[in-house]
Amino acid sequence: MLALMWRRFTKHKPAMLSLLILAIIVIGCVLAPLVVGYDPYNAPVELRRQPPSLAHLFGTDELGRDLLMRIWVGGRVSLVIGVAAMVISISIGTLVGALAGFYGGWLDNGLMRFNDFMLALPHLFILLLAAQLLRTLNVPEISGGPLPIIVIIGALSWMGAARLVRGQFLSLKAKEFVEAARVAGAQNHRIMWRHILPNAASPIIVAATLRVGNAIMTESTLSFLGFGIQPPMPTWGNMLKNAQSQMTLAPWVAIFPGLFIFAAVVAINYVGDGLRDALDPQHVE
Amino acid sequence: MTRYIFRRLLQAIPLLLLISIAVFALMQAIPGGPLAAYENNPNISPEDLMRLQEELGLNVPKWQQYLNWLGAVLRGDLGTSLVTRRPALTEIGERLPNTLYLSGIAFLGALLLSIPVGLVSAVRQYSWFDHAMTTLAFMGYSIPVFWFGLVLIILFNVTLKNPLTGGPLLPGGGMYTIGEDLTLEDRVAHLLLPASVLILHNLSNHVRYMRAGMLDVLHQDYIRTAHAKGLKERAVIMRHGFKNAILPLVTVIGLEIPGLFNGALLTETIFSWPGMGRLFFTSIERADYAVLMGVLMLSATLIVLFGLITDIVYAFLDPRIRFD
């Protein structure tokens, strides 16, 4: 089964290329800070705003820090946030969708109304307010760090997954294998999580992949606006925060971190696309 | 139909009430509050602070503050901006047309571009044009809006020069050149970059849905019938195909309305566009609650309203849908 999926996935050329790009980014983020000898936080001021050169492939920023080094370190933060926020978002979405789809009735009605309510909110406005709330609460250990951002991105982005899972549960709960499990005496929660959920795994995996890309994008947007991860900890988003004022002096500071956001998100989306083809052969574009 | 619209409008009321409660609660939870800036100001005595609190109605319980706010809103009063001391309604009213102007042009531009592109892409499926456009749409969907804005500024404002004047090719921000007479060229020049960012942002999704919708339609029986009765290719595509293929696009537009506000906030912030998004952004840092509430409720109302309009347009386009 896995071999078959992998064979189908390898046929999707953009997805294969994207997997390679992602692998390079991930390996770079994990290994580069251990290998390359630049300090991502402190650097001699004389080195500020150096254009790209052999010593500094992507140049240096307004404080003389090597940009590539900061991109690798920032990538760790951005990628971890992307994955962690996805886990929260997909977990909430799966729980809500499963309950709504399985039990139906007033529970379904209530949960889906809540879903509509969440979708009617101007998303970024609410994200900024929530980020401001967590920022001003000022809990010493976590403020300005990744945890609050992970939580708010996850908590505000589960609606699509909930709809998807609900649809899956609605159609799967009428299938014979559910009937069989019930006859065998299985309890509701066992039927939901042991019997139906595994059969709905494919679309959830695809949605989860795409969510990582979306979460990376959201984090970078929040950090760019100054409401996300606070300096000196770099992320791809907050590296761009000061870039706008540097554009005439050091345009590379604005270009390269964004290029990595772009590359990572495109690659993740293509991998999601490839997974869709691999996991769901019936799906036609 | 009228009954349906009426019912939907009635349903919107509890939804908007719920949103207002949630947003009010969220903002009340933010520590500091609107008077935080004054608390540390040595020139303001505790008595002054008390008087200010009373003046702004902050000395009553939260739930009463909410009810007071709600009552005022129903009378058309959004409260007073704490920063400018002007009515929040005036503040927002000045910015809203600018947002509608930019978003409207971007929205229409994206629509007018995406329909033919998606159409041709579907009709010539797997041609080089289709491949190029699907790839472009994929890229456009994945590009960070704010970064694309920065790149355009670097390219057209910092790097490229106007061959006649030697100045920047295009302005990097604002709605018009301050201190000069308003000219159409000037306004268009200021519009080009922010509108392009928003157009690409909206375009990619629209193209994908238009293409998918058209592909779906092209495999229907009635298209084969139209071909079989000897209609010209053009007539089949435009008369029989296009009209039906536009349906998924209408749905996706309805779903994307909330997203328009995200795009507006980002582009307005980057291009110093004096719109509602930027007003919201600056008001957060100043804890200007009246303005924040106003912008949020206005956006939520517009989202609900446009959602309703989308559904009505959908009903007009698809006679299979009946509302009775």
Side-chain angles (χ1 to χ4, degrees), chain A residues 14 113-114 116-138 160 210 213-214 216-218 220-221 224-227 236-237 240-241 243-244 247-249 251-255 257-270 273 284-285, chain B residues 12 15-16 18-19 22-23 26-27 29-32 36 125 134-135 138-139 141-151 153-155 157-159 172 208 211-212 215-216 255 257-266 269-270 277 280-281 284-285 287 292 295-296 299-300 302-304 307:
Chain A
R113 274 289 147 83
F114 185 57
D116 290 345
F117 158 74
M118 293 292 286
L119 285 170
L121 294 171
H123 193 89
L124 187 56
F125 290 14
I126 299 294
L127 269 171
L128 287 177
L129 273 185
Q132 174 75 354
L133 168 63
L134 291 176
R135 203 170 61 158
T136 43
L137 279 179
N138 208 7
L210 300 178
N214 269 313
I216 290 177
M217 190 89 102
T218 312
S220 65
T221 306
F224 169 70
L225 292 172
F227 285 75
W236 292 338
L240 290 167
K241 189 178 174 244
Q244 199 168 3
M247 272 187 310
T248 35
L249 297 166
W252 53 88
V253 178
I255 304 254
L259 207 58
F260 271 73
I261 306 173
F262 183 35
V265 176
V266 172
I268 289 170
N269 285 346
Y270 266 126
D273 214 40
V284 267
E285 252 304 275
Chain B
L15 180 65
L16 287 174
L18 212 64
I19 291 176
V23 170
L26 183 61
M27 288 201 318
I30 296 177
Q125 196 186 5
T134 4
T135 312
F138 216 93
M139 299 284 168
Y141 175 73
S142 314
I143 202 165
V145 177
F146 58 94
W147 180 66
F148 186 51
L150 295 183
V151 170
I153 294 178
I154 290 177
L155 203 61
N157 184 256
V158 177
T159 312
R208 298 202 311 174
R211 177 177 179 272
L215 279 179
D216 199 36
L255 289 172
I257 300 286
L260 283 180
F261 290 93
N262 300 350
L265 193 151
L266 285 171
T269 308
I270 292 160
F280 184 82
F281 183 66
I284 293 186
E285 302 219 295
L292 287 175
V295 174
L296 269 167
S299 327
L302 286 175
I303 289 171
V304 171

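Values below: all heavy atoms of this structure, side chains included; hydrogens, waters and symmetry mates excluded. The chains referred to below are lettered A, B, ... by the order of the sequence lines, with proteins before strands, and numbering in each begins at 1. A quick note: this is a predicted structure, and the numbers were derived from the prediction, not measured.
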Option in B:Ala300, B:Ser299, B:Gly172, B:Pro144 with maximal non-hydrogen atom pairs under 4.5 Å from chain A:
B:Pro144

Which atom names give the shortest non-hydrogen contact between B:Phe146 and A:Leu240, and what distance separates them?
CE1-CD1, 3.4 Å

First locate atom OG1 of A:Thr221, then atom CG of B:Asn262, and finally report the distance between them rounded to the nearest 0.5 Å.
8.5 Å

Taking A:Thr248, A:Leu129, A:Ile261 one by one, which has the highest count of heavy-atom pairs under 4.5 Å against chain B?
A:Leu129

Identify the two heavy atoms, one from B:Phe281 and one from A:Leu225, that lie closest to each other, and give their separation to 0.1 Å.
CZ-O, 3.4 Å

Output for pair (B:Ile154 CD1, A:Trp252 CH2), nearest 0.5 Å, gives 10.0 Å

Please look at B:Thr135 and chain A and tell me whether the side chain, the backbone, both or neither of the residue comes under 4.5 angstrom of a heavy atom of that chain.
both

Could you grab the distance from atom CD of A:Gln132 to atom CG of B:Leu292, nearest 0.5 Å is fine?
9.0 Å

Shortest non-hydrogen contact from A:Met247 to B:Leu150?
SD-O, 3.8 Å

Would you please test A:Asp273 and B:Phe138 for side-chain contact (heavy atoms from CB on, under 4.5 Å) and show each step?
CA-CA 10 Å; A:Asp273 214 40; B:Phe138 216 93; 4.1 Å; yes

Quick one: do B:Ile303 and A:Leu121 satisfy side-chain contact (heavy atoms from CB on, under 4.5 Å)? Show the steps, please.
CA-CA 8 Å; B:Ile303 289 171; A:Leu121 294 171; over 6 Å; no

Distance from B:Ile270 atom CD1 to A:Phe224 atom CZ, nearest 0.5 Å?
4.5 Å

Over all atoms of both residues, closest heavy-atom pair of A:Asn269 and B:Ser142:
ND2-OG, 3.0 Å

Can you tell me which of B:Asp216, B:Ile19, B:Val145 forms the most heavy-atom pairs within a distance under 4.5 Å of chain A?
B:Ile19

Looking at every non-hydrogen atom in both residues, tell me the closest pair between A:Leu133 and B:Ala29 and how far apart they are.
CD1-O, 3.1 Å

Heavy-atom contact with chain B under 4.5 Å, split by part of A:Phe227
side chain

Which region of B:Tyr141, side chain (C-beta onward) or backbone (N, CA, C, O), has a non-hydrogen atom less than 4.5 Å from a non-hydrogen atom of chain A, or is it both or neither?
both

Measure the CG-CZ distance between A:Leu128 and B:Phe280 for me, rounded to the nearest 0.5 Å.
6.0 Å

Could you check whether any side-chain N or O of B:Trp147 sits under 3.5 Å from a backbone N or O of A:Gly237, counting only pairs where one atom can act as donor and the other as acceptor?
no

Closest non-hydrogen atoms of A:Pro122 and B:Phe261, given as atom of the first, atom of the second and distance, are CB-CB, 4.4 Å

Using heavy-atom distances under 4.5 Å, tell me whether A:Leu259 contacts chain B through its side chain, its backbone, both, or neither.
both

